[in-house]
Amino acid sequence: MDPPPPSPFPDLNLNLDIVPFVKLEPKEEPLEDLPIATASTAADAAECLLSPEEHTPLQKLSPSEDALFAEYLRLTRLFLSSIESGASGGAIVPADGSSAAPASSAIVATKKRKARSSEMVRVSSLGVRDQIHFRDLVRHTRITFESLRFLLLRNDGFSEVFGRRTRPDLKAAALMTDKNLWLNRDKRIIGPIPGVCIGDVFFFRMELCVLGLHGQVQAGIDYVPSTRSPSGEPVATSIIVSGGYEDDDDGGEELIYTGHGGRDRNNFRHSVHQKLEGGNLALEKSRLYGIEIRVIRGIKSDRSPTNKVYVYDGLYKVVDSWFDTGKSGFGVFKYRLVRIEGQEEMGTGILKLAGELKVNPLIARPRGYLSLDISMKKEKFPVMLFNDMDDERDPVYFEYLARPLYPPSVFEDKSLLAGGNGCDCVTNCSTDCLCARLNGGELPYDSNGLLSRGKPLIYECGTGCRCPPSCPNRVSQKGLKHQLEIFRSKETGWGIRSLDMIRAGSFVCEYTGIVLTKEQTELLAMSGAGLVWPNRFPARWMEWGDISDVFPGFMQPSYPALPELNFSIDVSRTRNVASYLSHSSTPNVFLQCVLFDHYNTSYPHLMIFAMENIPPLRELSIDYGIGEEWVAKLTV
DNA sequence: GAGAACTCAACACA
DNA sequence: CTGTGTTGAGTTCT
């Protein structure tokens, strides 16, 4: 047997090199210390919340946008002799229709497959650089799987090839097998899978197979069979606890697991005695040698396409096993598993806490909430402010801005709007409407409002369109879909996280602030104000929907074209939740440019979308494009 | 190579 | 029209 690993649990989790982007200081000295929340009961906690008056920003913005920009223009005039206010870049050209969908002839599956290897390994003590590498690899693989699934689910061309009643998840996995894109097939990993964090969430059994987290399509116990184990004895590697067996008993840190077998097909009840073979024997051997087992729990979730979510809960050890008579009267094998100490908090525990926080935050966490909505009802969901570390509270000192403030000139050039109006669809838009054509002949979102794939620019139906607000091509313009929370953390200063699970491809929030023209930017950059430059964000949208690993001919969309962005956003005076996003080079959200209210391509809305399934209470992070030397400096 | 395996999504129905 | 139950096609692994 392998010796126990020196350090099976990496210290870092979540986003691996997460660092703060900019430390945004309030304009003036903070108000004298308000009581920091130290309550132990919900009633006390309510006392610690800041009153509406205390939310009042130190620097109130003038109520009128015009007045605000008059101020900026006045400043600008002092320095510049002439002002070119945001002239447009490029008119809208009609769709060329040449979308990069792969030819159906390319998807002839070959039947040659590489079997799983029998080499057993443990991966321990990865360096930070390796962790980043594997996290990236896992994310890339998941995006490929999910993007393929998307295509197979909705694209008619694919349906014709595969028949109507296909299983997109299985097909996606099969296509990836052919290209040898499954992870960890060349070895059988005992213990943690590099790049998979405790608390990660998955929606498909097949996804677990593709990542090597659990290799069985249906069976709950995955193991290295005796014929392939060096010692000649089977060894269990992972189990899925989904409450499928009537004799299961799951208490979280400790659980009673029922062996597999003994049931009729598609029948809940046991009908024959279980045998000590296969996974059952493997669990027994794992107990004997004290080998750790990955535990994945399947629980209900209405944010999942299958109403079910698989959560990786970390490593457990089998401490006890016995043969018992089950509730049906037939013999079953029972295993008591106990969670190994020193690991990150259980993913299912976090899911439960997040659910309680949504219902009553002050009871679930009596200490630390400063505000239950810093947006003061400007957002569809309250944006809570949480700090249980120190007495910082700057987010309440800024006027909350749910929408970006554009210079009036952005709206001036009406000719930019193709045809003068939007689409004429009376009901929901389809692929032949004007707005779909603007997007290259396809609607950018699916029926659940998930972004199909990243593009340089996306045209949502807007003010000039006749379609109803329920049109599937109106997504990011409708505002938040998840309950977000700004929180204080040791690593990143302020950060944001969600109380809801965020599905990959979901809209998260917009990046707002005062939008400055190129000239205004040059002027204000000198003053060191908190400016955000959209053109510095790396084009991470390219990763979302990328299936070039499977279809080498797949081209990144280059349409609709986006000109170079010369504007900046001033977040030093007013801002929204997005300005608290942390930086990471293994981010979980990305920037996607969107147009809907004006069609000035030089000033798109900066929309944030999720690029992986983000569990509740995990910090959101984006790639701001700051160089490695910056990262090094900030992490010191 | 057969058969087991704690699925998934379309369809039907309330 | 939304939720829930039923059914059969569809994989990998041993």
Side-chain angles (χ1 to χ4, degrees), chain A residues 109 111-118 145-146 148-150 152-154 158-159 162-178 182 184-185 188 202-229 233-250 255-272 274-275 277-283 295-302 304-311 326 328 332-333 335 427-428 446-448 470:
Chain A
K111 273 290 162 195
K112 213 169 78 185
R113 279 178 192 150
K114 219 167 116 185
R116 275 213 285 184
S117 142
S118 58
F145 175 83
E146 190 60 15
L148 285 171
R149 217 195 111 256
F150 247 78
L152 295 162
L153 187 64
R154 62 196 288 261
F158 280 81
S159 305
F162 290 114
R164 267 178 58 77
R165 258 182 108 110
T166 64
R167 284 277 300 274
D169 54 325
L170 303 186
K171 276 290 184 259
L175 287 168
M176 290 177 74
T177 318
D178 296 337
W182 287 35
N184 304 314
R185 268 171 84 84
R188 303 295 300 265
F202 310 88
F203 298 125
F204 299 92
R205 285 290 289 255
M206 261 305 170
E207 201 178 356
L208 305 176
C209 296
V210 169
L211 299 180
L213 190 60
H214 185 84
Q216 298 287 337
V217 184
Q218 288 189 38
I221 307 168
D222 194 19
Y223 61 101
V224 183
S226 57
T227 52
R228 305 192 178 209
S229 156
E233 291 167 297
V235 176
T237 53
S238 56
I239 61 168
I240 294 186
V241 188
S242 34
Y245 279 94
E246 55 186 350
D247 296 320
D248 276 358
D249 181 8
D250 188 359
L255 68 100
I256 311 288
Y257 192 74
T258 310
H260 61 191
R263 300 197 315 181
D264 273 347
R265 191 178 163 76
N266 298 331
N267 188 355
F268 185 78
R269 311 214 107 215
H270 286 272
S271 51
V272 291
Q274 289 186 346
K275 293 175 191 146
E277 58 184 25
N280 297 350
L281 182 60
L283 277 176
V295 169
I296 299 124
R297 284 193 171 81
I299 55 174
K300 281 196 167 177
S301 167
D302 54 6
S304 157
T306 55
N307 292 323
K308 196 173 194 183
V309 60
Y310 297 100
V311 187
S328 58
V332 290
F333 285 95
Y335 303 90
T427 57
N428 288 344
D446 79 343
S447 56
N448 295 311
S470 63

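Heavy-atom basis, side chains included; hydrogens, waters and symmetry copies ignored. Residue numbers start from 1 in every chain, and the chains themselves are labelled A, B, ... in the order their sequence lines are given, proteins ahead of strands.
Heavy atoms of A:Pro305 sit nowhere under 4.0 angstrom from any nucleic acid atom. In this structure, A:Gly261 reaches the sugar-phosphate backbone alone: every heavy-atom distance under 4.0 Å involves primed, P, OP1 or OP2 atoms, never a base. Among the protein residues, A:Thr227 comes within range of no part of the nucleic acid, since none of its heavy atoms lies under 4.0 Å from any strand. Within the nucleic acid shown, A:Gly215 comes within 4.0 Å of sugar-phosphate atoms alone, with no base atom in reach, counting heavy atoms only.
Partners of A:Leu170 under the side chain to side chain contact (heavy atoms under 4.5 Å, CB included) rule, at least two apart in sequence or in another chain, are A:Arg167, A:Met206. Shown here are the side chain to side chain contact (heavy atoms under 4.5 Å, CB included) partners of A:Asp249, two or more places apart in sequence or in another chain: A:Ile256. Annotation: side-chain hydrogen bond (donor to acceptor under 3.5 Å, both in side chains) contacts of A:Ser304 (sequence neighbours excluded): A:Thr306. Listed by chain and residue number, A:Arg297 satisfy the side-chain hydrogen bond (donor to acceptor under 3.5 Å, both in side chains) test with A:Asp250 (two or more places apart in sequence, or in another chain).
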Seminar exercise, completed: Here DNA chain B, pairs taken as Watson-Crick or G-U under 3.5 Å and shown with ( ), [ ] when crossing and | when to another strand, reads .||||.||||||||

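Between the CD1 atom of A:Ile221 and the P atom of B:dA4 there is a distance of 16 Å, given to the nearest Å. Between A:Leu152 atom CG and B:dC8 atom P the separation is 16 Å, expressed in whole Å. In this structure, CG of A:Asn280 is placed 15 Å from P of B:dA4, rounded to the nearest angstrom.
For B:dC6, the base has a donor-acceptor partner in the side chain of A:Asp248 [N/O atoms by modelled type, under 3.5 angstrom]. For A:Arg228 and C:dT14, a side-chain-to-base donor-acceptor distance below 3.5 Å is absent, hydrogens and geometry of angles not being considered.
Distances from the side chain of A:Tyr257 to the nucleotides B:dC6, B:dC8, C:dT11 place B:dC6 closest. Nearest nucleotide to the A:Arg205 side chain, out of B:dC6, C:dT11, C:dA9: B:dC6.
The phosphate of C:dC13 (OP1 or OP2) has no side-chain N or O of A:Arg188 nearer than 4.0 angstrom. OP1 or OP2 of C:dT12 has at least one side-chain nitrogen or oxygen of A:Thr177 nearer than 4.0 Å.
Listed by first and then second residue, the salt bridge (Lys or Arg N to Asp or Glu O under 4.0 Å) pairs that reach into residues 208-222 of chain A are A:Arg116-A:Asp222, A:Arg188-A:Asp222, sequence neighbours excluded.
Residues A:Asn307 and A:Cys209 both approach DNA chain C. Their nearest nucleotides, taken by heavy-atom distance, put A:Asn307 toward the 5′ side. Between A:Leu170 and A:Tyr223, the one whose closest nucleotide on DNA chain C sits nearer the 5' end is A:Leu170.
Side-chain N or O atoms of A:Tyr310 include none that pairs as donor or acceptor with a backbone N or O of A:Ile299 at under 3.5 Å. In terms of modelled atom types and a separation under 3.5 Å, the side chain of A:Tyr223 and the main chain of A:Asn280 share no donor-acceptor contact.
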